[in-house]
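Report on the structure given below.
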2 protein chains.
Amino acid sequence: MALPTIDDDSLAASLFEVFRCRGYEGTSISLLSEVTGLKKSSLYHRFPAGKDDMAKAVVLYVSSQLHTYIIGPLLNDKQVPEQRFNTMLTTINSFYHEGKKNCLLNVLSLGEKKKEISELLNKDYSDWLDALIKLAKDAGLSKKEAKIRSEHFLIAIQGALVIQRLINNSQTFQNAMEYEEKLFFK
Amino acid sequence: MALPTIDDDSLAASLFEVFRCRGYEGTSISLLSEVTGLKKSSLYHRFPAGKDDMAKAVVLYVSSQLHTYIIGPLLNDKQVPEQRFNTMLTTINSFYHEGKKNCLLNVLSLGEKKKEISELLNKDYSDWLDALIKLAKDAGLSKKEAKIRSEHFLIAIQGALVIQRLINNSQTFQNAMEYEEKLFFK
DNA sequence: GTCTATAAAGAGATAGAC
DNA sequence: GTCTATCTCTTTATAGAC
């Protein structure tokens with residue numbers, strides 16, 4: 001009883017790869033159709049509100065990944081903060097393909113704002129930030145310093161992704177992350 | 001003898017505002033026509049190669065601004081490094097409208113690469129980086145440390161712009177820049 | 001739930017008058 | 001150098017058969 005159709009998660013994963021590479025405006029339904037193997041009308045059947053709906057599904061998919069693989073482990077009290085941070089670095093290195101892939105937080109917040117998508121992205125950022133702040137406090141930092149360093153780290157991720165894409169140097173992201181790790185616990 | 005038409009620099013400035021807000025794919029010729037007050041065919045008259053040509057003109061325009069108002073003053077030996085850095089902060093704060101406007105280095109390096117534009121953006125980044133490295137060495141840092149801190153600072157600019165756009169908090173960029181200034185000279 | 005076919009609007013781009 | 005008018009292709013989206 002083979003599945004006659006691609007399941008929602010795999011579908012979202014395929015859409016995600018296109019949106020993260022090309023941004024919202026740069027992504028066409030035709031391209032999504034090619035990549036997923038579903039005809040355009042099938043995509044509309046599964047996402048009745050159209051392209052916005054597809055982007056939203058992608059954001060929800062990534063949000064779920066973020067909470068499962070990054071935020072969850074960040075809050076795992078059974079490991080010391082340094083270990084948890086290091087686990088996060090490994091995960092994001094893989095998630096961003098060593099810095100060669102973009103972050104939705106950047107590419108989908110460009111241009112005309114779709115309010116609902118902005119709010120979802122915002123919430124993800126905020127959740128990630130809160131988890132980092134908690135970790136930093138666990139590591140002994142003051143509340144204020146924990147907040148500053150956590151914001152700084154998330155800024156560094158986004159910036160390093162932009163710069164690596166710009167100069168096309170495959171080491172930029174990883175080097176930056178190693179540097180940030182030292183700064184975070186210094 | 002009033003000018004019958006908008007001059008090249010003002011035109012590029014208008015195009016720039018659209019491209020920086022909406023990115024390459026999000027910018028349509030119709031919109032550029034509205035914003036500049038020139039009909040579409042007039043735009044094509046001035047940019048025969050079309051949209052790519054317009055984007056290229058924007059990059060060249062911004063590159064000129066970057067060298068005049070940022071890189072030049074960074075290399076001005078008559079001021080101490082701290083003063084020069086501070087001048088740069090004031091300038092970029094204005095250039096990015098206190099962090100509310102995007103950087104071309106981010107928005108134009110998305111999606112399908114136009115090779116020529118990528119190379120121009122790359123050169124601008126590289127020039128800016130070199131000027132910062134020289135300044136850092138003037139401030140007494142080792143060559144290696146100068147390079148690391150300069151890269152880190154340019155990463156922080158891009159990251160702070162992304163995060164401010166994302167969370168729509170008008171203080172993010174300025175706070176980040178103040179923090180980075182301390183890190184740079186520490 | 002997927003498909004073929006098609007509609008309607010918008011995109012980038014060009015021709016030719018003034 | 002700018003304009004009106006138009007072309008062609010692609011876009012988002014829908015209708016209806018299977």
Side-chain angles (χ1 to χ4, degrees), chain A residues 1-59 61 107-108 110-117, chain B residues 1-59 61 107-108 110-117:
Chain A
M1 199 170 116
L3 281 175
T5 178
I6 185 174
D7 66 278
D8 286 349
D9 242 44
S10 305
L11 180 54
S14 294
L15 301 180
F16 169 50
E17 288 306 320
V18 180
F19 275 107
R20 83 184 324 196
C21 286
R22 330 228 342 176
Y24 185 86
E25 319 283 352
T27 296
S28 71
I29 314 292
S30 311
L31 179 59
L32 294 176
S33 168
E34 273 181 45
V35 168
T36 59
L38 286 177
K39 295 296 175 184
K40 290 193 277 185
S41 49
S42 302
L43 286 172
Y44 279 100
H45 178 79
R46 297 176 72 157
F47 303 102
K51 194 175 172 182
D52 282 8
D53 225 356
M54 300 176 206
K56 186 183 161 192
V58 164
V59 173
Y61 166 77
V107 305
L108 283 193
L110 238 190
E112 297 293 79
K113 313 263 175 199
K114 324 279 169 187
K115 190 158 171 274
E116 195 178 1
I117 286 178
Chain B
M1 201 170 116
L3 280 177
T5 177
I6 186 174
D7 67 276
D8 287 349
D9 242 44
S10 306
L11 180 53
S14 294
L15 301 180
F16 169 50
E17 288 307 320
V18 180
F19 276 107
R20 83 183 323 195
C21 287
R22 329 225 347 172
Y24 186 85
E25 319 282 353
T27 296
S28 72
I29 312 292
S30 310
L31 179 58
L32 294 175
S33 168
E34 273 181 44
V35 169
T36 59
L38 286 177
K39 296 296 177 184
K40 288 196 279 182
S41 48
S42 301
L43 286 171
Y44 279 99
H45 178 79
R46 297 177 71 159
F47 303 101
K51 194 176 175 183
D52 281 8
D53 225 356
M54 301 176 204
K56 185 183 161 192
V58 165
V59 173
Y61 167 76
V107 304
L108 282 193
L110 237 190
E112 298 292 78
K113 313 262 174 199
K114 324 277 169 188
K115 189 157 171 271
E116 194 177 1
I117 287 179

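Sequence lines set the chain letters: A, B, ... in the order given, protein chains first and strands last, and positions in each chain run from 1. All values reported here derive from a predicted model rather than from experimental measurement.
Rounded to the nearest 0.5 Å, atoms OG (B/Ser41) and CZ (B/Arg46) are 12.5 Å apart. Atom CZ in A/Phe16 sits 9.0 Å away from atom CG in A/Leu108 (nearest 0.5 Å). Between the CG atom of A/Leu32 and the CD atom of A/Glu34 there is a distance of 9.5 Å, given to the nearest 0.5 Å. To the nearest 0.5 Å, the span separating CG on B/Leu15 from CG on B/Asp8 amounts to 10.0 Å. Expressed to the nearest 0.5 Å, how far CZ of A/Phe19 lies from NZ of A/Lys51 amounts to 6.0 Å.
Using a 4.0 Å cut-off on heavy atoms, none of the residues of residues 12-28 of chain A approach DNA chain C. A heavy atom closer than 4.0 Å to some atom of DNA chain C occurs in B/Lys40, B/Ser41, B/Tyr44, B/Gly50, B/Lys51, these being the qualifying members of residues 31-51 of chain B.
Looking at A/Tyr44 and A/Asp53, their side chains never bring a donor and an acceptor atom within 3.5 Å of each other.
The minimum heavy-atom distance linking B/Ala12 with B/Val58 is given by the pair O-CG2, 4.0 Å. Counting all heavy atoms, side chain and backbone alike, B/Glu116 lies closest to B/Lys56 at OE2-NZ, 2.9 Å.
Straight-line distance from the CD1 atom of B/Ile29 to the C1' atom of D/dT11: 15 Å, rounded to whole Å.
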